[in-house]
Amino acid sequence: MAVLPAAESRTSPIASTTATADLRLAGQRWVALVDINNCYVSCERLFDASLYGRPVVVLSNNDGCVISRSAEAKALGIPMGVPLFQIREQIRRHGIRVRSSNYVLYGELSRRVMALLAEFVGEGEQEVYSIDECFLDLTGHQPRYDLSALGQQIRQRLQQWLGLPACVGIGHTRTQAKLANYLAKKQAHWQGVCDLTALSTGERQALQQQIPVGEVWGIGRQLSRSLNTLGIASVQQLVETPIPVLQRRFGVVMARTVYELQGIPCLSLETHQQPRQQLICSRSFGQLITQLADLQEALNWYVMRAAERLRKQGSCCTLITVMLRTNRHRTQDAQYYPSLTLGTGHPTDDVRVLNRLAQQALSQIFKPGYNYKKAGIVLTGIVAREGATSDLFSAPHPLHSERFMGAVEAITARYGRQAIGLGGSALQDRPWHMASRQRSTNPLMGWVVG
DNA sequence: TCTGGGGTCCTAGGACCC
DNA sequence: TCTGGGGTCCTAGGACCC
C-alpha cells in the first residue's frame, strides 16, 4: 500500500535530509525477506535424493520452458525461461535432470514453510509474498537480538525441519530487504544472511556500487534500460539521483522505490491477505487448436476453475473477459489476439451464468482459419459476496497437520512414487492440453533425461 | 474565428513481480 | 516441430456529469 499518495509526493518534504532523519526516528522498522533457494528444484529434491548435487531444471506447463534451475544448472549457463527444445543438447551433454512442475506439492510445502516462519514473529508481522517468499517484521526482535544470528536460526530451522535451503535479507524497508536477499544469495561470504542495517554507510555504499540497478525490486528490463541511458547503472548511482528528477521522468513508482532504498518505507507490510482483484485462468495448448468445440471445452474448464477460486475467497464478479491467442512464435501463421469483456448484470459466482457468458463471448471473437495456441478467461469487477464467510482469514495452516503428507500420499498412492513430477502432463485426458511431443513411457513422469 | 473547468469512473495498455 | 501462468499497480484517454 502506498504511504506516499501521488499528488503529495510531487512536493514531498521528506526529500530533505532533516526530514528524513525525523522520519526514521519516528518509527524505524526492521524487515526480513526469507526466500527459498531454487524453490521448485529444492522441492523436487526432497522426494528424489538422486537430484542432490546434480544439475536439475523444472519445467512449465506442457513442459514448455525452464522455470526453476538448481545452482549446478545455473552454473552451466541454463537461462531462466528458456524453451526446453533449445537446451536439448546441453541436457544430454551434461546429464541435466529434468522434471515437470507439480504445483500441488510446491503449494503444500509452501504452507509448511510459512507456518514455520510464523513462529518467529507475532500476529500480523508476517506477509506471505509468494509461494517461496515471505516478509517478516523483526522490529520487535531488533533491540534484543543480533538479527543476523536470528536469520541464521531461521535458515537452520527451514533446513532441519523441512529440508529446504533459504536465504535471508534484512533491511529497514521491503525493498532493502529484497536487495539484502540478493546479496545473501550472490555473495557466499554472507553465508545466506545479509543484514544491511548492520553496515556502516560507507560499507553499504560500496556494496550498492557493485549492484546493477536492474537488480532492484521494481526495476525491470525497460526501466533498467532507460536508467542506463541516463548514466545510472548501479544501485548507488540511483540512490544518489535526486528523487524529484526521477519522479518527473519515471513516475511515482520509481520515487517510492528510491525512498525505500534509502530506508524510508513507502510500502507497508500486507499481513492480511486481501481478496484477489482479478482471477485469471488461462493455458497454452500442447498442440495448436483450430476447432471451436475444443475452445468451448477449454473455456468451460477455465470457468469452473476460476469460479471455484472466486467462491473460495468469498467473492462475486461482474465482468468476464475471454481471450484467444495464436502462437506469436510461428511467424508463418496469421496472428490473431482477440479478447472480449462482457458484464454479468449483477455480481455472481454462478458457473452456469459465467459459462454462458464465456461461450457467448467466444462465439463472437472466434474466427475459423487460425491456429490457436492459448485461451483464457479473466474475472474482474470483483466484489464481496453478500453474507460470504471467506476462508481467507482462517487460521494459518498448522505446522504439523496431516494435510501435507496426505496430499503427497494421495499422489503417490494413485500414480506411484515417480509421479511426484506430474504437472502439466496430468492433464492428458483433455485434448486441448495434450502435448504434441512424444513423452516418456509414464505419462505422469514428464521428461526424465539421463 | 472564438467553444469552461473540474471532477469521477471506466478501460486498455504497459510496466513490474514471482 | 517444440516457447508458462497468475498476479499487481499506474497512467492516459474517453465518457459522462455538474
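Letters A, B, ... are given to chains in the order of the sequence lines, protein chains preceding strands, and every chain is numbered from 1.
- To the nearest angstrom, P of C/dG6 lies 10 Å from CG of A/Leu279.
- Computed from coordinates, the A/Asn61 CG to C/dG4 P distance equals 9 Å when rounded to whole Å.
- Annotation: B/dT3 and C/dC17 have their P atoms spaced 24 Å apart (nearest Å).
- The CD1-C1' distance, from A/Ile280 to C/dT8, rounds to 10 Å in whole Å.
- Proximity note for A/Val252 (side chain, C-beta onward) versus C/dG4, C/dG5, C/dC10: the nearest is C/dC10.
- Looking at the side chain of A/Gln277, the nearest of the listed nucleotides C/dC10, C/dG7, C/dC9 is C/dC9.
- Taking atom CZ of residue A/Arg325 and atom C1' of nucleotide C/dG5, one finds them 13 Å apart after rounding to whole Å.
- Close to C/dC10, at under 4.0 Å from its OP1 or OP2, lies a side-chain N or O of A/Arg256.
- Note: CD (A/Gln332) to C1' (C/dT1) measures 10 Å, nearest angstrom.
- Nearer to the 5' terminus of DNA chain C, by closest-nucleotide assignment, is the contact made by A/Met80 (compared with the other of A/Gln278 and A/Met80).
- Neither OP1 nor OP2 of C/dG5 sits under 4.0 Å from any side-chain N or O of A/Ser60.
- For A/Leu310 and C/dG6, the CG to C1' distance is 15 Å, given to the nearest whole Å.
- Dashed line: the shortest gap from a side-chain N or O of A/Gln274 to OP1 or OP2 of C/dT8 is not under 4.0 Å.
- Between A/Trp217 and A/Phe135, the ring centre distance stays below 6.0 Å.
- A/Gln208 and A/Gln236 form a side-chain donor-acceptor contact under 3.5 Å, judged by distance and modelled atom types alone.
- For the C1' atoms, the distance from C/dC16 to B/dG4 is 16 Å, rounded to whole Å.
- No donor-acceptor pair under 3.5 Å is formed between the side chain of A/Arg69 and the backbone N or O of A/Lys74.
- Between A/Tyr182 and A/Trp190, a ring centre-to-centre spacing not shorter than 6.0 Å is recorded.
- Within the 4.0 angstrom heavy-atom criterion, only backbone atoms of the sugar-phosphate kind lie near A/Arg330; the bases stay farther away.
- With A/Phe285 as the aromatic partner, A/Lys374 does not meet the cation-pi criteria of under 6.0 angstrom to the ring centre and within 45 degrees of the ring axis.
- Across all strands, A/Arg309 comes closer than 4.0 Å only to sugar-phosphate atoms, never to a base (heavy-atom distances).
- Among the duplex regions that DNA chain C forms, those built from at least three successive Watson-Crick or G-U pairs under 3.5 Å are B:5-18 with C:5-18, ordered by first number.
- Nearer the 5' end of DNA chain C, as judged by each residue's closest nucleotide, is the contact made by A/His329, out of A/Phe250 and A/His329.
- The existence of a salt bridge linking A/Glu133 and A/Lys178 is confirmed by a sub-4.0 Å separation between a basic side-chain nitrogen and an acidic carboxylate oxygen.
- Remark: A/Arg29 engages A/Asp137, A/Thr139 in a side-chain contact (heavy atoms from CB on, under 4.5 Å) (not counting sequence neighbours).
- A sub-4.0 Å separation between OP1 or OP2 of C/dG4 and a side-chain N or O of A/Ser101 is absent.
- Among the protein residues, A/Cys281 comes within range of the sugar-phosphate backbone only, with heavy atoms under 4.0 Å from sugar or phosphate atoms but none that close to a base.
- OP1 and OP2 of C/dG4 both lie 4.0 Å or more from every side-chain N or O belonging to A/Asn62.
- Rounded to an integer number of Å, the gap from A/Glu270 CD to C/dG7 C1' is 14 Å.
- The CE atom of A/Met254 sits 14 Å away from the P atom of C/dC10 (whole-angstrom rounding).
- With respect to A/Arg328 and A/Asp333, no salt bridge is recorded, no charged nitrogen being found less than 4.0 Å from a carboxylate O.
- A salt bridge between A/Arg93 and A/Glu89 is present, with a side-chain N of the basic residue lying under 4.0 Å from a carboxylate O of the acidic one.
- Ion pairing between a basic and an acidic side chain is recognised when a charged N comes within 4.0 Å of a carboxylate O; A/Arg174 and A/Glu127 show such pairing.
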Check: protein-nucleotides 11-18 of chain B nitrogen or oxygen pairs below 3.5 Å:
{"from": "B/dC16", "atom 1": "OP1", "to": "A/Gly220", "atom 2": "N", "distance (Å)": "3.2"}
{"from": "B/dC16", "atom 1": "OP1", "to": "A/Gly220", "atom 2": "O", "distance (Å)": "3.4"}
{"from": "B/dC16", "atom 1": "OP1", "to": "A/Arg221", "atom 2": "N", "distance (Å)": "3.4"}
{"from": "B/dC16", "atom 1": "OP1", "to": "A/Gln222", "atom 2": "N", "distance (Å)": "3.0"}
{"from": "B/dC16", "atom 1": "OP1", "to": "A/Leu223", "atom 2": "N", "distance (Å)": "2.7"}
{"from": "B/dC16", "atom 1": "OP2", "to": "A/Gln222", "atom 2": "N", "distance (Å)": "3.3"}
{"from": "B/dC17", "atom 1": "OP1", "to": "A/Gly218", "atom 2": "N", "distance (Å)": "3.1"}
{"from": "B/dC17", "atom 1": "OP1", "to": "A/Ile219", "atom 2": "N", "distance (Å)": "3.4"}
{"from": "B/dC17", "atom 1": "O3'", "to": "A/Trp217", "atom 2": "NE1", "distance (Å)": "3.4"}
{"from": "B/dC18", "atom 1": "OP1", "to": "A/Lys178", "atom 2": "NZ", "distance (Å)": "2.7"}
{"from": "B/dC18", "atom 1": "O3'", "to": "A/Ser130", "atom 2": "OG", "distance (Å)": "2.9"}
{"from": "B/dC18", "atom 1": "O3'", "to": "A/Asp132", "atom 2": "OD1", "distance (Å)": "3.0"}
{"from": "B/dC18", "atom 1": "O3'", "to": "A/Glu133", "atom 2": "OE2", "distance (Å)": "2.9"}

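- Ion pairing between A/Glu72 and A/Arg45 holds under the 4.0 Å rule for side-chain N and carboxylate O.
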